[in-house]
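Notes follow once the structure below has been shown.
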2 protein chains.
Amino acid sequence: MARYRVGLETRERILAATRRLLSEFGIEGVTLKAITDQAKVGAGSFYNLFDSKDDAVFEVVREAVEAVDPDPAGAGTDSLEDLVDAFVAFMTGSSPIARIYLQLAGRGLTDPAIASRVLRSHRRRVERFADAWQRHEPGLDAIEAEHRAEVTLAALTGLGMTALMDPGFDMRAHAQRVLQDPRLQPER
Amino acid sequence: MARYRVGLETRERILAATRRLLSEFGIEGVTLKAITDQAKVGAGSFYNLFDSKDDAVFEVVREAVEAVDPDPAGAGTDSLEDLVDAFVAFMTGSSPIARIYLQLAGRGLTDPAIASRVLRSHRRRVERFADAWQRHEPGLDAIEAEHRAEVTLAALTGLGMTALMDPGFDMRAHAQRVLQDPRLQPER
DNA sequence: GCAAAAGTGGAACGGACACTCCAATATGTA
DNA sequence: TACATATTGGAGTGTCCGTTCCACTTTTGC
């Protein structure tokens, strides 16, 4: 969409403004007016570069998720611990955009368009975790690894929600249990 | 608030309408107009009986959560399996209000008023699970039981989210893993 | 340097929606 | 019955917001 240099710059300004607003005020604080004011841009410019307000929001969240990936290249070198750490960092780290991610997931519960976006990224993540499980425990069959991954990730997501609502909640400590928990561990 | 018989009846009609709308259209489908139309009531009547739209929504969700409680009297007789089953039933059962519960939790991530409501009910639930853990494994110390409860519940919440977004997801099967303790089982 | 295309600001539009207000009526009580 | 108070409908209010439209300017490739 953006073809000229100025257009690309404007696009970045808009994304930065959106990111900042999401961080500071949450998803409800992000209105088109807020974005365009913050980015010092007219509404026309916005719609010249984005299809909709949500379009910009999704892009910001996508970038934030990517930023904490321990293995962005997909080299298959990330351990379970790495992945859990990355997830915890994402949820409890300085970027409040984790909230937005979970809220979007919440909207996905009734909005099929959002659900498919969220599910797609969920699937990718489950696969990453399943692979890590297999590296962690060679010989684990694929189905079993995927099931473990699903539960691991579910637990992390649930813990993340609690952590985001309760400032006193120690997500890291609980998350470590997820890997230590005998129920999720190999026998013996 | 309602003092006369007619008032109480109207209140019930409003709650029934809200429940129905939540079930059918999700939280976005519930507008004041929709509620009052469905309940065949004027806006004035609504605000005579409820403080706000959210007030009615919360009440409906609260009742739905209560309805699947395996031990409403709090007699302390519910087993871990009962609790997990109840949670799975709540999430995958016929009442689509589970979605609403999770969505409200999502809103709690940025709205402190909602967060405190959600956290309060979360705490109660964690306690129920912790107690059940202790009954399940006598001699378990209280802190350990609570930590297990926190993780168990987090995993169930996460699985619930996936289940609600992905119709093909078998939540029950995954949820059973959450309780499985390989150390107590001969073989998987 | 010139045109075609991209970029720009911001007024205006259309619609949604929670909530208020109030005059009229129904209800319960003494 | 008489009266205080609860209940009622629904028009009206105020506000917010995403998006469109368009005349004008800037950029870029040639």
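In the text below, chain A, chain B and the rest are named by the order of the sequence lines, each starting its count at 1.
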Exercise. Among D:dT28, D:dT20, C:dG7, which is the nearest nucleotide to the side chain of A:Arg3?
Worked result: C:dG7
For this session: Have a look at A:Thr36 and say if it touches a base, only the backbone sugar-phosphate, or nothing, with a 4.0 Å heavy-atom cut-off.
Result: nothing
Exercise. Quick one: is the NZ or CZ of A:Arg117 closer than 6.0 Å to the six-membered ring centre of A:Phe58, and within 45° of its axis?
Worked result: yes
Exercise. Do the side-chain N or O atoms of B:Asn48 get closer than 4.0 angstrom to the phosphate oxygens (OP1, OP2) of D:dA6?
Worked result: no
For this session: Could you check how far CD of B:Glu9 sits from C1' of D:dT8, rounded to whole Å?
Result: 14 Å
Seminar exercise, completed: Rounded to whole Å, the CZ-P distance (B:Arg13 to D:dT7) equals 13 Å
Problem set entry | Gap between atoms CD1 and C1', on B:Ile14 and C:dA18 respectively (whole Å) | 15 Å
Exercise. How close or far is atom P of C:dG9 from atom CD1 of A:Ile35, stated in whole angstroms?
Worked result: 15 Å
Exercise. Which heavy-atom pair separates B:Ala98 from B:Phe90 by the least distance, and what is that distance?
Worked result: CB-O, 3.1 Å
For this session: Rounded off to whole Å, could you give me the CG-to-C1' distance for the B:Asp37 and C:dA18 pair?
Result: 14 Å
For this session: Quick one: label B:Gly44 by what it contacts on the DNA or RNA (base, sugar-phosphate, nothing), any heavy atom closer than 4.0 Å.
Result: base
For this session: Please report, rounded to the nearest Å, how far the P atom of D:dG9 is from the NZ atom of B:Lys33.
Result: 14 Å
Exercise. Counting side-chain heavy atoms from CB outward, which of C:dT8, C:dA4, C:dC19 is closest to A:Tyr4?
Worked result: C:dA4
For this session: Please say which of A:Leu8, A:Ile14, A:Asp55, A:Val41 ends up in a side chain to side chain contact (heavy atoms under 4.5 Å, CB included) with A:Leu49.
Result: A:Ile14
Exercise. Can you tell which of D:dT8, C:dC19, D:dG18 lies closest to the side chain of B:Thr10?
Worked result: D:dT8
Seminar exercise, completed: Comparing A:Arg5 with B:Asp54, nearest DNA chain C nucleotide closer to 5' gives the residue A:Arg5
For this session: Would you mind telling me which of B:Gln38, B:Glu24, B:Glu63 makes a side chain to side chain contact (heavy atoms under 4.5 Å, CB included) with B:Arg19?
Result: B:Glu63
Exercise. If you check the A:Leu32 side chain, which of C:dC17, D:dT20, D:dG18 turns out closest?
Worked result: D:dG18
For this session: Using a 4.0 Å heavy-atom cut-off across all strands, classify A:Ser45 as base, sugar-phosphate, or nothing.
Result: base
Seminar exercise, completed: Separation of D:dC21 atom P from A:Phe46 atom CZ, nearest Å, is 17 Å
Exercise. C:dT8 P sits how many Å from A:Lys40 NZ, rounded?
Worked result: 15 Å
For this session: Between D:dT19, C:dG9, D:dC17, spot the one nearest the side chain of A:Tyr47, thanks.
Result: D:dT19
For this session: Would you indicate, yes or no, if C:dA18 has its OP1 or OP2 atom less than 4.0 angstrom from a side-chain nitrogen or oxygen of B:Lys53?
Result: yes
Exercise. Any side-chain donor-acceptor pair under 3.5 Å between A:His122 and A:Glu150?
Worked result: yes
